[in-house]
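The shown structure was predicted, so the numbers you read here are calculated from the model rather than taken from an experiment.
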Amino acid sequence: MSKRVGIIGAGVSGLAAIRCCLEEGLEPTCFERSNDVGGLWKFSDHTEEGRASIYQSVFTNSSKEMMCFPDFPYPDGYPNYMHHSKLQEYIKTFAQKKDLLRYIQFETLVSSIKKCTSFLVTGQWVVVTEKDGKQESTIFDAVMICSGHHVYPNLPTDSFPGLDRFRGNYLHSRDYKNPEAFKGKRVLVIGLGNSGSDIAVELSHLATQNVLPSFVSDWLDVQKMNTWFKHENYGLMPLNGFLRKQPVFNDELPSHILCGIVSIKPSVKEFTETSAVFEDGTVFEAIDSVIFATGYDYSYPFLDETIMKSRNNEVTLFKGIFPPLMEKPTLAVIGLVQSLGAAIPTADLQARWAAKCFSIFFSSFLNSCTLPTMNAMMDDIEEKMGKKLKWFGQSQTLQTDYITYMDELGSFIGAKPNIPWLFLTDPHLALEVYFGPCSPYQFRLMGPGKWDGARNAILTQWNLDSEANQDKSCQ
């Protein structure tokens with residue numbers, strides 16, 4: 001009998017998990033609280049409790065060749081950088097073509113995930129779900145949590161003295177949908193990540209004045225703007241290395257700053273009833289609205305938080321996937337890591353490794369563990385935390401370098417391209433893999449889930465049809 005795997009969420013991570021479980025001969029059941037696949041990319045004109053949210057104007061910030069499922073290229077005619085509606089169309093097509101929809105229970109809320117009483121022997125979990133006001137308990141041999149990290153907004157109101165007496169309105173970027181409500185307003189956007197930059201630029205076309213203070217004061221030096229360059233794997237990066245946080249992808253932001261359309265300020269020191277006072281003593285008067293683009297908190301209300309947080313109340317996961325202090329390796333988190341690359345291929349490789357670990361665990365004698373010892377995993381986490389602090393600074397996100405991370409996961413299952421072997425057997429392909437972009441197709445050349453079309457996809461990845469060869473700014 002096939003082992004059953006419960007999957008939480010039917011976004012790109014959940015779909016990858018379903019498909020990878022099937023490849024390993026496992027029996028997946030996916031629970032999705034909404035009525036469709038897509039997760040973050042399923043746009044709604046209003047925020048929904050427990051679901052990720054995007055604004056109407058969102059475009060992808062990775063090109064289509066770099067953010068596809070590794071064995072499912074985008075159809076001809078898709079633009080290189082897509083509006084969210086095109087990406088959602090692609091995701092739905094993937095789910096249909098791979099016959100994944102029949103494994104998903106829509107409009108079903110997961111309210112609880114707990115260890116079975118026999119967990120120390122079996123590694124099984126009890127998943128409690130709710131649908132149409134009725135609860136149901138199901139036992140699964142393993143669980144994959146794919147609910148993402150853009151659900152619970154981080155609204156640090158306590159960090160801003162005087163906000164409680166501010167007469168204007170404030171909201172989190174999760175609640176922002178379009179700029180129409182801010183026409184003619186004076187708007188303060190707090191946070192210089194991708195959302196903050198996008199919203200500030202978009203509002204500049206309608207708002208009276210737009211100020212963008214950096215929530216972390218050392219993010220940006222406007223005098224060094226001319227040293228930025230665009231790199232496919234790493235986005236907008238500085239040549240001189242002054243930007244050490246997560247890169248910002250917005251082609252219009254530099255010109256808007258230099259032209260004074262968007263103003264950059266240091267951190268907010270305090271609010272008054274109508275204004276914001278910045279750390280440098282300057283004041284932004286008569287503010288109508290404040291938008292906090294301050295990221296998200298991790299929260300898994302259906303799971304005992306001690307499972308996920310085993311080090312100083314931080315989310316600690318071995319390789320960003322497995323809780324290290326579990327007696328049995330039957331719980332995996334897919335899609336939580338934020339790598340400096342596209343989410344879809346990252347989630348796909350995470351799911352492949354997790355499903356392979358489950359499969360080996362289920363088939364091994366006496367269900368022996370397929371991961372390192374707890375101490376070894378915690379040592380690895382400590383090492384990774386130190387590197388993260390060095391490269392990304394203080395951050396609650398599980399950030400990592402894309403290529404290094406993909407190579408590491410790929411090596412665990414034999415999916416990392418063997419460059420010396422390729423040079424001996426297929427020099428043309430080896431040159432493209434070694435000197436070309438780290439495209440997702442590389443990780444389906446070999447290993448479990450090998451795709452016969454990977455070679456051709458790599459060799460033709462530079463071929464652009466006339467419709468696709470256009471910049472998103474032309475949309």
Flag side-chain contact, heavy atom, 4.5 Å: V333 against F322: no

R33 side, atom CZ; L109 side, atom CG - distance, nearest 0.5 Å: 5.0 Å

For F119, side-chain contact (heavy atoms from CB on, under 4.5 Å) partners two or more places apart: K115, W125, M326, E327, K328, T330

Gap between atom CZ of F318 and atom CG of D379 - 0.5 Å precision: 10.5 Å

Heavy atoms of other groups near K450 NZ, more than 12 under 6.0 Å: no

Beyond-backbone contact of V151 with D297, side-chain heavy atoms, under 4.5 angstrom: no

Per-pair distances, 0.1 Å, donor-acceptor, side chain in residues 344-358, under 3.5 Å, sequence neighbours excluded:
from, atom 1, to, atom 2, distance (Å)
T346, OG1, S339, OG, 3.3
T346, OG1, A342, O, 2.8
D348, OD1, R19, NH2, 3.0
D348, OD1, R444, NH2, 3.1
D348, OD2, R444, NH2, 3.2
Q350, OE1, G335, N, 2.9
Q350, NE2, Y405, OH, 2.8
R352, NE, P448, O, 3.3
R352, NH1, F443, O, 2.4
R352, NH2, F443, O, 3.3
R352, NH2, P448, O, 2.5
K356, NZ, E24, OE1, 3.3
K356, NZ, E24, OE2, 3.3

SB check K92 D36 (cutoff 4.0 Å): yes

R51 side chain reached by S34 side chain, heavy atoms, under 4.5 Å: yes

Mutual orientation of the aromatic rings belonging to Y55 and Y176 [parallel < 30°, tilted 30-60°, perpendicular > 60°]: perpendicular

Under 3.5 Å side-chain donor-acceptor pair for Y78 and E89: yes

Between E65 and S439: side-chain donor-acceptor atoms closer than 3.5 Å: no

Side-chain heavy atoms of V127 within contact of F31, under 4.5 Å: yes

Pair E202-S57, side-chain hydrogen bond (donor to acceptor under 3.5 Å, both in side chains): steps then yes or no: CA-CA 9 Å; E202 184 169 73; S57 61; 2.5 Å; yes

More than 12 heavy atoms from other groups under 6.0 Å of NZ on K177: yes

Working for salt bridge (charged side-chain N to carboxylate O under 4.0 Å, His left out), residues D426 and R455: CA-CA 10 Å; D426 195 338; R455 181 183 187 276; 2.5 Å; yes

Heavy-atom side-chain proximity of L445 to W451 below 4.5 angstrom: no

Pair N35, E107: side-chain N/O donor-acceptor within cut-off below 3.5 Å: no

T47 to R174 - nearest heavy-atom pair and separation: CG2-O, 3.2 Å

Backbone of G9 reached by a side-chain donor or acceptor of S147 within 3.5 Å: no

F292 and H172 aromatic centres sub-6.0 Å: no

Shortest non-hydrogen contact between F140 and V5, atoms and distance: CD2-C, 3.6 Å

Inter-residue atom distance Y90.OH - M67.CE, 0.5 Å rounding: 8.5 Å

Proximity of Y152 and Y296 rings by center, below 6.0 Å: no

Pair T294-N154, side-chain donor/acceptor within less than 3.5 Å: no

Aromatic ring pairing F166/F271, orientation class (parallel under 30°, perpendicular over 60°, tilted between): tilted

Ion pair D71/K98, N-O distance below 4.0 Å: yes

Electrostatic pair K319-E408, nearest N-O below 4.0 angstrom: yes

